[in-house]
J.: 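I'd like to ask some things about the structure below.
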There are 2 protein chains.
Amino acid sequence: MAPGGRRGGGRPTLEEVAARAGVGRGTVSRVINGSPRVSERTRTLVQQAVADLGYVPDRAARALAGHRADTVALVVPEAETRLFAEPYFSGIIRGVSAGLADHDMQLLLTLIRTSKERRRFADYLAAHRVDGVLLVSVHGDDPLPDLLERMAIPTVLNGRRSAGETVPFVDSDNTGGAQSALEHLIGRGRRQVATITGPPDMYVAHCRLDGYRRAVRAAGHPEDAALVAQGDFTEEGGRRAMRELLARRPELDAVFCASDVMAAGARQELRAAGRRIPDDVALVGFDDSAIARHMDPALTSVRQPIEEMGRAMARLLMEQITGGAGSGVPGPRAPAPPSAAARLVLPTELVRRASS
Amino acid sequence: MAPGGRRGGGRPTLEEVAARAGVGRGTVSRVINGSPRVSERTRTLVQQAVADLGYVPDRAARALAGHRADTVALVVPEAETRLFAEPYFSGIIRGVSAGLADHDMQLLLTLIRTSKERRRFADYLAAHRVDGVLLVSVHGDDPLPDLLERMAIPTVLNGRRSAGETVPFVDSDNTGGAQSALEHLIGRGRRQVATITGPPDMYVAHCRLDGYRRAVRAAGHPEDAALVAQGDFTEEGGRRAMRELLARRPELDAVFCASDVMAAGARQELRAAGRRIPDDVALVGFDDSAIARHMDPALTSVRQPIEEMGRAMARLLMEQITGGAGSGVPGPRAPAPPSAAARLVLPTELVRRASS
DNA sequence: CAGTACTGTGGGAGCGCTCCCAGACGTGAT
DNA sequence: ATCACGTCTGGGAGCGCTCCCACAGTACTG
């Protein structure tokens, strides 16, 4: 008779299940949550009642009483929303989603474009609506990681802000990936290998440049600063950098680009300059994105284990949330100390195609 | 002294705000929810207390007491997770996210791959954790739309299952887009325009084929069934269909592909057959995805107003949830009757590039 | 056979809100 | 002055869970 609009017959509550099973509320709760302190007989009884009634625990009530949300947020800062178009995010989301499914956790997607939206998200955190946060592609100056640390909310970054990252993270081996790209080029007889880097304020750009340098050094080639041009991960930046390189070192015979998108820009300039790929100049990218496969010629690129990274992020986050304790019973939050396992660097793989 | 781990000092509650403002709980609640039945003086008083204490309402408590979740789910069925890589999803998500931000609604992202995950999602719906659902790229045989209708959960589809779609939806003008692509080709003197279609069990494929046929008819060209080949929205499908077409009608001078991905496949076959693009054969795609810009030559394609579609989906859903009542106070759910406005078809735009 | 230690169980006391019913205080008409 | 009818306000009664305390029962000990 309630005016509000109680839905058809009303969904069964814990209490009703308890009544039907002839046990107390607490016992049903224990069964639902997989507590071991229930006799086998009672457990079966309760499970039967649950099945009969089609009982599904109300999450809101659970969240209120249990101080948890069964939800984690995947946060994508403004600067990165365009990257969304890349298979990268698709892979991360799939990995995360798969990793969370086992824990019956939901994924909240939060795009933060404006400072108003950042505030809104901070309120959301304050309102206890998430148990943890996954942060994608943080820049060095992003205030979010520190905010999360202050609020003591379990967090995992995708990538890191610096070599001394304090927040748990999952990253790919950018240095190693760049290195393998260069070993490949040098192994195929290229002598004058240039590189187009990412923006210097991003750690990932540093790593890839570092890998380039190491490989050049290891091969005994001279380190030539004129072979390094700065890009910004955009196509236009790739074009600009390529023009610079061609002006400075017209004799170059290979270019390693720190992203596929920049490689696409570089290719245009190379073609405009009449260089054939790969005959005159070999080209290698990074990310193994869709454009790598569709470029003409198809682009050799460094692939990251993206979906696996997403899975790993989910795993690391769950470990923090459950306080390192095994899967089992989700107790009240008990923040785990930062462990060594909370820094994960996954290997990359070179995908060879026609451009090199 | 609570063992659980009450966070630092404890966040302020409604009651504390009430005490500080010297009013009752009900009054604070009214102010928070923007009820008009509060005197100006009291409202200011309460707002001051809220600001002083940094009060943020607890969402879980709100959800429990108020029978709402302030959350909507964006559901992506298995078959589509690969499309995730496309700018399409990026755009939809951005539009939806922007559209929801105004309503202080959160976005839950749900990937459904297995039947186990579908069940899990159904439970989630039963557990009252979402106020509405956005469904992306539904197939004709997807059981989800009907399930949602039965549960009386507000829903908006992206695309529709058939011409007589009963669930509110937002779609783009696929027929018109295909038509404009063909008018463009025919206008440039192409006489033998072939098409590669999507899978016949998808309504969107029908629409695009329909647009092709209408334009051919309107131009007074003969309708030649041999110029129609069936694809499946994949690159390999595009290749196969292109081979068929070349075998059946070697004299064709243009191909309209129902997706960019299939156009990429078609291009490979055309090239393998020694046809130059656009000199011998003009090529047009659909979606205006990343590969369209990076293809060689760059692909003419039909662009959909993706982000706007996302926004519209959010708007339609919110209208259902708030029962058509203006923004204002969020009352308990009152499902709105299916209105004419709940069917939205947005216009497309032809983006001309070098391939035609 | 009392004493100690478990294991299993019931149910009270909240979690922080919203809803809604009374009641306090106006204001105007009679 | 009296009554009716507004507008505003306080606070009780939940929402459906989890947590935890107390207690019954059983199984060991000395």
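Every chain is numbered from 1 and lettered A, B, ... according to where its sequence line falls, protein lines coming before strand lines.
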J.: Dot-bracket for DNA chain C: what is it, with Watson-Crick or G-U pairs under 3.5 Å, [ ] where a pair crosses earlier ones, and | for a pair to another strand?
T.: ||||||||||||||||||||||||||||||
J.: Does B/Arg25 offer a backbone N or O that forms a donor-acceptor pair with the side chain of B/Thr27 under 3.5 Å?
T.: no
J.: Below 4.0 angstrom, which residues in residues 14-28 of chain A have at least one non-hydrogen atom near DNA chain D?
T.: A/Leu14, A/Arg25
J.: Could you list by number each residue of residues 45-55 of chain B showing a heavy-atom separation from DNA chain D of less than 4.0 Å, or answer none if no residue does?
T.: none
J.: Could you tell me whether the side chain of A/Arg120 reaches within less than 4.5 Å of the side chain of B/Gln106, counting heavy atoms only?
T.: yes
J.: Just by distance, with hydrogens left out, do A/Arg113 and B/Ser97 show a side-chain donor and acceptor under 3.5 Å apart?
T.: yes
J.: Indicate whether the side chain of A/Thr114 and that of A/Arg119 have a donor and an acceptor atom separated by less than 3.5 Å.
T.: no
J.: If you compare every side-chain N and O of A/Thr42 against the phosphate oxygens of C/dG8 (OP1, OP2), does one of them come in below 4.0 Å?
T.: no
J.: In whole angstrom, what separates B/His67's NE2 from C/dC17's C1'?
T.: 11 Å
J.: Between atom CZ in A/Arg37 and atom C1' in D/dA24, what is the gap in whole Å?
T.: 15 Å
J.: For C/dG8, does either OP1 or OP2 sit under 4.0 Å from a side-chain N or O belonging to A/Ser39?
T.: no
J.: Could you state the CZ-C1' distance from A/Arg68 to D/dT18, rounded to the nearest angstrom?
T.: 8 Å
J.: Relative to the 5' end of DNA chain D, which residue comes earlier, A/Ser29 or B/Ala61, by the nucleotide with the nearest heavy atom?
T.: B/Ala61
J.: Regarding C/dG10, can its base be found pairing with the side chain of A/Arg30 as donor and acceptor, where the two atoms are less than 3.5 Å apart?
T.: yes
